[in-house]
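Here is the structure we will look at, set down as structure tokens.
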Amino acid sequence: MEVSVLPISASHRAKLISAGYTRLSSISSTSPSLLARDLQISEVEALQILHVASPGNTAGNSNGNGALLCGAPTAWDMLHEEDSLRRITTSCTDLDHILGGGISCREVTEIGGVPGIGKTQFGIQLAINVQIPVDYGGLGGKAVYIDTEGSFMVERALQIAEGCVKDVMENNHIQQTDAENIQANLRPDNFLANIFYFRICSYTEQIGLISYLEKFVSEHKDVKIVVIDSITFHFRQDFEDLALRTRVLSGMALKLMKLAQKFNLAVVLLNQVTTKYTEGSYQLTLALGDTWAHASTNRLILYWNGDEHHAYIDKSPSLCSASAPYSITRKGIRNSASSCKRRKLM
């Protein structure tokens, strides 16, 4: 049974999920002091949670007052849970603004665009940024990076990690006296050590790995993002039976949605583009067809506007359609030069 059905306050439920306690079995072997520390609550509150989660209290409640135990949280509880969820910054202020703070956990986000627009840069940036400590506005988690194209460059990941460390030091106005101690913990090589890398060479390997992810993440509860770069590659190359491809992709999408919800993590799918004949002309669209468009919660399309990179929210149940400029620098994804100039003028 999942902790989301426990009859406790929405804030306590959200803290449990954020700390990685997603199922009752993960709480049962925890001491009150450890639970209090992980959730940053008092031991009395931790004891109350453990009492509610004990087998005797969660089993066999069949009366009408036990609706929550039967898996029926209220919309109000769900709103509180969503408000408490953390987001992963993109390191671009304008882009974070239109995304409501960054890439959301418990959701599947698809990022697509033409070759060279920066999809892999986004994937690596998010795999680094998810590791920013909680004290500095991050999630303090780890990343799973699934590479189907061979485009992941460890040298580039090191550059982005170095840029992330510099930004954390500058944005938090860390004093020189504390800088050495903090830099000892925020070392770029530690960031690389917290990225679990999987190289996939066929669609059968991809299907197998996605089926294995639930077990892997359950053993590595600090994983807070899964990046697949790209979801498309092997399914465009090797599949001739389109009906079978659709069924296989739908099954993968369901597993990824379940993974995001169950473990309170972000799933980011990078996608390629293809041409589609519409209204008498060929137009660029994201690959895998219209059916695949329903596989993600949010869809972000990267495109060129003149010489400037832009990102556009094409689909989201909670975000307005909007676009924002960004740039790709040595440090990674950052604010565009034109956006920085506007801020200085203002």
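As the structure is a computational prediction, the values presented were derived from the model and not from experiment.
- No continuous path of hydrophobic side-chain contacts links Met252 to Leu242 [ILVMFWY only; heavy atoms under 4.5 Å].
- Leu300 is not listed as a side-chain neighbour of Tyr312, based on a closest heavy-atom distance of 4.5 Å or more.
- Each of Val108 and Leu254 belongs to its own hydrophobic cluster when Ile, Leu, Val, Met, Phe, Trp and Tyr are linked at side-chain heavy-atom distances under 4.5 angstrom.
- Atom NE2 of His51 is separated from atom CD1 of Ile8 by 13.0 Å, given to the nearest 0.5 angstrom.
- Looking at Arg156, its side chain does come within 3.5 Å of a backbone N or O of Arg330 through a donor-acceptor pair.
- The pair Arg334-Asp167 meets the salt-bridge criterion, since a charged nitrogen lies less than 4.0 angstrom from a carboxylate oxygen.
- Put simply, the side chain of Asn194 never gets that close to the backbone of Lys142: no donor and acceptor are under 3.5 Å apart.
- A distance-only check finds a donor-acceptor pair linking the side chain of Arg86 to the backbone of Gly138 [under 3.5 Å].
- Remark: Ile231 CD1 to Ile210 CD1 distance equals 4.5 Å, nearest 0.5 Å.
- Side chain to side chain, Thr329 and Ser327 fail the donor-acceptor criterion of an N or O pair below 3.5 Å.
- Lys262 has a carboxylate O that lies under 4.0 Å from a charged side-chain N of Glu214, or vice versa, which qualifies the two as a salt bridge.
- Met153 and Leu270 fall into different hydrophobic clusters, where Ile, Leu, Val, Met, Phe, Trp and Tyr side chains are chained together by heavy-atom contacts under 4.5 Å.
- Looking at heavy atoms from C-beta onward, Ser321 lies out of side-chain contact with Asp314 at the 4.5 angstrom threshold.
- A distance of 9.5 Å separates CD1 in Ile41 from CG in Leu47, rounded to the nearest 0.5 Å.
- Among pairs with a residue in residues 6-45, none fulfils ring-ring contact (aromatic ring centres under 6.0 Å, His included), at least two apart in sequence or across chains.
- To the nearest 0.5 Å, atom CG of residue Leu126 and atom CD1 of residue Ile225 are 4.5 Å apart.
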Can you list the steps and then say if Leu284 with Thr275 is a side-chain contact (heavy atoms from CB on, under 4.5 Å)? CA-CA 5 Å; Leu284 286 177; Thr275 54; 4.1 Å; yes
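- For the pair Leu269 and Ile111, the minimum side-chain heavy-atom distance is 4.5 Å or more.
- Side chains of Thr148 and Asp229: a donor-acceptor N/O pair is absent below 3.5 angstrom, by distance only.
- Aromatic ring pairs are classed by plane angle as parallel below 30°, tilted from 30° to 60° and perpendicular above 60°; the pair His309 and Trp304 is tilted.
- Arg299 places no side-chain N or O within 3.5 Å of a backbone atom of Thr109 that could act as its donor or acceptor partner.
- Glu149 and Ser230 share a donor-acceptor pair across their side chains, judged by distance under 3.5 Å alone.
- Under the side chain to side chain donor-acceptor pair (under 3.5 Å) criterion, the residue pairs touching residues 244-256 are Ser211-Lys255, with sequence neighbours excluded.
- Classified by interplanar angle (parallel below 30°, tilted 30° to 60°, perpendicular above 60°), the ring pair Phe196/Phe216 is perpendicular.
- Side chain of Lys315 to main chain of Ala293: a donor-acceptor pair is present (N/O by atom type, distance under 3.5 Å, no hydrogens or angles).
- Grouping the Ile, Leu, Val, Met, Phe, Trp and Tyr side chains by contacts below 4.5 angstrom, directly or via other members, places Val227 with Val154.
- Hydrophobic cluster membership differs between Val44 and Val52, with clusters built from Ile, Leu, Val, Met, Phe, Trp and Tyr side chains linked at under 4.5 angstrom.
- Heavy-atom contacts from other residues, nucleotides or ligands closer than 6.0 Å to CD of Glu219 number more than 12.
- Put simply, CD on Gln40 and NZ on Lys15 are 7.0 Å apart, with the number rounded to the nearest 0.5 Å.
- The minimum heavy-atom distance linking Ala266 with Ile103 is given by the pair CB-CG2, 4.2 Å.
- Between Tyr145 and Phe152, the ring planes lie tilted relative to each other; the angle falls in the 30° to 60° range.
- Contact of the Asp189 side chain with the Leu158 side chain is not registered, since no non-hydrogen atoms from C-beta on lie closer than 4.5 Å.
- Residue Leu139 forms a side chain to side chain contact (heavy atoms under 4.5 Å, CB included) with just one option from Leu265, Ile88, Asn129, and that option is Ile88.
- Annotation for Gly141 and Lys224: closest pair CA-CG, 3.9 Å, computed over non-hydrogen atoms.
- With a 4.5 Å cut-off on side-chain heavy atoms, Ile98 and Ser323 do not count as touching.
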Between Gln272 and Leu286, does the side-chain contact (heavy atoms from CB on, under 4.5 Å) criterion hold? Intermediate values first, please. CA-CA 6 Å; Gln272 302 170 346; Leu286 295 191; over 6 Å; no
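- Proximity of a side-chain donor or acceptor of Asp147 to a complementary backbone N or O of Gly150 within less than 3.5 Å is detected.
- Checked by atom type, the side-chain pair Thr89/Asp96 shows a donor-acceptor distance below 3.5 Å.
- Here the side chains of Val248 and Tyr203 are not in contact, with every heavy-atom distance at 4.5 Å or above.
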After noting the C-alpha distance and the side-chain angles of Leu186 and Asn190, does the key distance pass the side-chain contact (heavy atoms from CB on, under 4.5 Å) rule? CA-CA 7 Å; Leu186 291 178; Asn190 289 340; over 6 Å; no
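- In this structure, Val273 and Thr285 have side chains that are not in contact, with every pair of non-hydrogen atoms separated by 4.5 Å or more.
- Judged purely by atom type and a 3.5 angstrom limit, Gln125 has no side-chain atom pairing as donor or acceptor with the backbone of Thr90.
- A donor-acceptor contact closer than 3.5 angstrom is absent between the side chains of Asn298 and Glu110.
- Put simply, the side chain of Ile313 does not reach to within 4.5 Å of the side chain of Cys320, judged on heavy atoms.
- With Gln131 contributing its side chain and Ala127 its backbone, the two residues share a donor-acceptor pair below 3.5 Å.
- The backbone N or O of Glu107 sits nowhere less than 3.5 Å from a side-chain atom of Ser104 that would complete a donor-acceptor pair.
- Under 4.0 Å is where a charged nitrogen must lie from a carboxylate oxygen, and between Lys166 and Glu170 no such pair does.
- Between the CG atom of Asn271 and the CD1 atom of Ile228 there is a distance of 11.0 Å, given to the nearest 0.5 Å.
- Phe263 and Val217 make their closest contact through CG-CG1, 3.6 Å (heavy atoms, listed as atom of the first residue, atom of the second, distance).
- Among residues two or more places apart in sequence or in another chain, the salt bridge (Lys or Arg N to Asp or Glu O under 4.0 Å) test is passed with Lys119 by none.
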Is there a side-chain contact (heavy atoms from CB on, under 4.5 Å) between Gln121 and Ile160? Walk through the geometry before answering. CA-CA 9 Å; Gln121 303 290 325; Ile160 293 175; 4.2 Å; yes
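- A ring-centre distance under 6.0 Å is found for Phe122 and Tyr326.
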